[in-house]
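Report on the following structure.
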There are 2 protein chains.
Amino acid sequence: MQPDRGAAPAGQLDDLDRRLLSVLAEDAAVTNKALADRLGLAESTCAYRVRALREAGVVTGTRAQLDLALLGYPLQAIVKVRLGSHTMANVNQLYAALAAAPGVIQAFHLAGADDFHLHVAVEDAAALRDFVLRHVTTHRVVRQTETHLVFEVRRGAGVLDRPA
Amino acid sequence: MQPDRGAAPAGQLDDLDRRLLSVLAEDAAVTNKALADRLGLAESTCAYRVRALREAGVVTGTRAQLDLALLGYPLQAIVKVRLGSHTMANVNQLYAALAAAPGVIQAFHLAGADDFHLHVAVEDAAALRDFVLRHVTTHRVVRQTETHLVFEVRRGAGVLDRPA
DNA sequence: TGTGAAATATAACGCTA
DNA sequence: TAGCGTTATATTTCACA
């Protein structure tokens with residue numbers, strides 16, 4: 001068992017870690033050499049820190065980002081879902097079903113009047129209607145839905161670009 | 001519901017492309033060899049298709065996914081924003097400012113009563129109040145905001161797991 | 001589709017401030 | 001203790017046949 005050489009524990013991220021994560025959050029495919037050069041680090045140091053961040057669970061994975069319009073799903077919407085009954089079994093079961101519905105990008109479980117917000121991508125308006133009728137309102141526990149067209153989604157600044 | 005054929009990029013996406021994208025969407029760091037093995041392709045063929053998808057713009061990039069709670073931002077919220085004036089200049093300028101605000105993960109521009117939904121991650125309740133007061137309500141064009149705690153966010157099934 | 005050269009990643013080590 | 005430079009080894013990528 002290797003004694004850890006100060007592997008960055010989850011609670012103590014320094015500014016260097018934040019800059020590393022900031023780059024990786026934008027482009028996870030960057031090579032270790034390029035990353036090291038960009039931050040003025042030695043390659044060995046850079047590789048070590050990145051691995052430590054991975055092992056600490058700060059980096060949970062890497063995902064390819066897709067152009068949904070090019071894939072044939074140019075229409076996006078937010079579907080607000082309100083329940084009639086809030087037993088834990090109802091909520092959990094519905095949440096799983098909604099998240100698994102085809103076309104759902106993200107499913108938010110919220111506090112407030114709306115129980116869930118579904119961010120969905122579909123082919124066209126007809127497909128959107130079909131989605132709601134088929135995968136949302138069919139559940140008996142769903143009392144009400146409200147669907148809003150998404151004009152545009154932008155990635156935000158994220159949490160890393162803060163003043164240290 | 002038939003997906004219309006007009007929306008596809010230069011090369012039509014076949015079922016193989018969808019399976020490639022499905023894997024890459026879950027783990028962009030998968031090696032070409034592993035990806036080829038998993039789909040029963042030759043490595044060179046697999047590499048060629050992935051590159052073609054990249055060049056076609058279907059894959060727009062790869063991003064590291066971070067554990068926001070471990071980073072020190074365990075609280076997430078949806079901030080609904082309503083405007084008082086909807087001139088194009090107002091909307092565009094505000095949208096840019098909101099998306100650039102620290103802590104914003106995603107910014108949705110919507111049709112309907114709410115103009116924007118901001119998905120934000122913050123340190124605690126005080127930071128959430130601070131975020132709204134400092135980066136949202138300070139803009140004169142903002143008429144009203146409404147903030148909802150996010151219990152949980154789940155990744156949805158996405159658009160690729162549909163019946164072909 | 002297959003192959004081999006070049007690039008890259010990984011892990012270990014001693015050294016330095 | 002954290003960073004650096006180096007080494008050796010394994011793996012991956014990419015152009016070309």
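Letters A, B, ... are given to chains in the order of the sequence lines, protein chains preceding strands, and every chain is numbered from 1.
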(request) Tell me which nucleotide among D:dT13, D:dT6, D:dG3 gets nearest to the side chain of A:T45. (result)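 Per side-chain heavy atoms of A:T45, the pick is D:dG3.
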(message) Checking contacts here: which listed nucleotide (C:dA12, C:dT1, D:dT13) is nearest the side-chain heavy atoms of B:A42?
(response) C:dT1
(request) Please list, by residue number, the residues of residues 30-38 of chain A whose heavy atoms come closer than 4.0 Å to an atom of DNA chain C; answer none if no residue qualifies. (result)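 Contacts with DNA chain C under 4.0 Å: A:T31, A:N32, A:K33.
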(request) Specify the residue among A:A29 and B:G40 whose closest nucleotide of DNA chain C lies further upstream toward the 5′ end. (result)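 Per heavy-atom nearest nucleotide, the more 5' residue is B:G40.
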Is a donor on one side and an acceptor on the other found under 3.5 Å between the side chain of [X] and the backbone of [Y]?
{"X": "B:T137", "Y": "B:V132", "value": "yes"}
{"X": "A:T62", "Y": "B:A29", "value": "yes"}
{"X": "A:N32", "Y": "A:A47", "value": "yes"}
{"X": "A:H109", "Y": "B:F151", "value": "no"}
{"X": "A:Y73", "Y": "A:V120", "value": "no"}

(message) Using OP1 and OP2 only, check whether a side-chain N or O of A:R51 sits under 4.0 Å from C:dA11.
(response) yes
(request) Give a yes/no answer on whether the side chain of A:R49 brings an N or O atom under 4.0 Å of OP1 or OP2 in D:dA2. (result) no
(request) Measure the acute angle between the ring planes of B:H119 and A:F108, then classify it against the limits of 30° and 60° as parallel, tilted or perpendicular. (result)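 Perpendicular: the ring planes of B:H119 and A:F108 meet at over 60°.
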In whole Å, I'd like the distance from the [atom1] atom of [X] to the [atom2] atom of [N].
{"X": "B:E43", "N": "D:dC16", "atom1": "CD", "atom2": "P", "value": "19 Å"}
{"X": "A:Y48", "N": "D:dG3", "atom1": "OH", "atom2": "P", "value": "9 Å"}
{"X": "A:L16", "N": "D:dT1", "atom1": "CG", "atom2": "C1'", "value": "15 Å"}

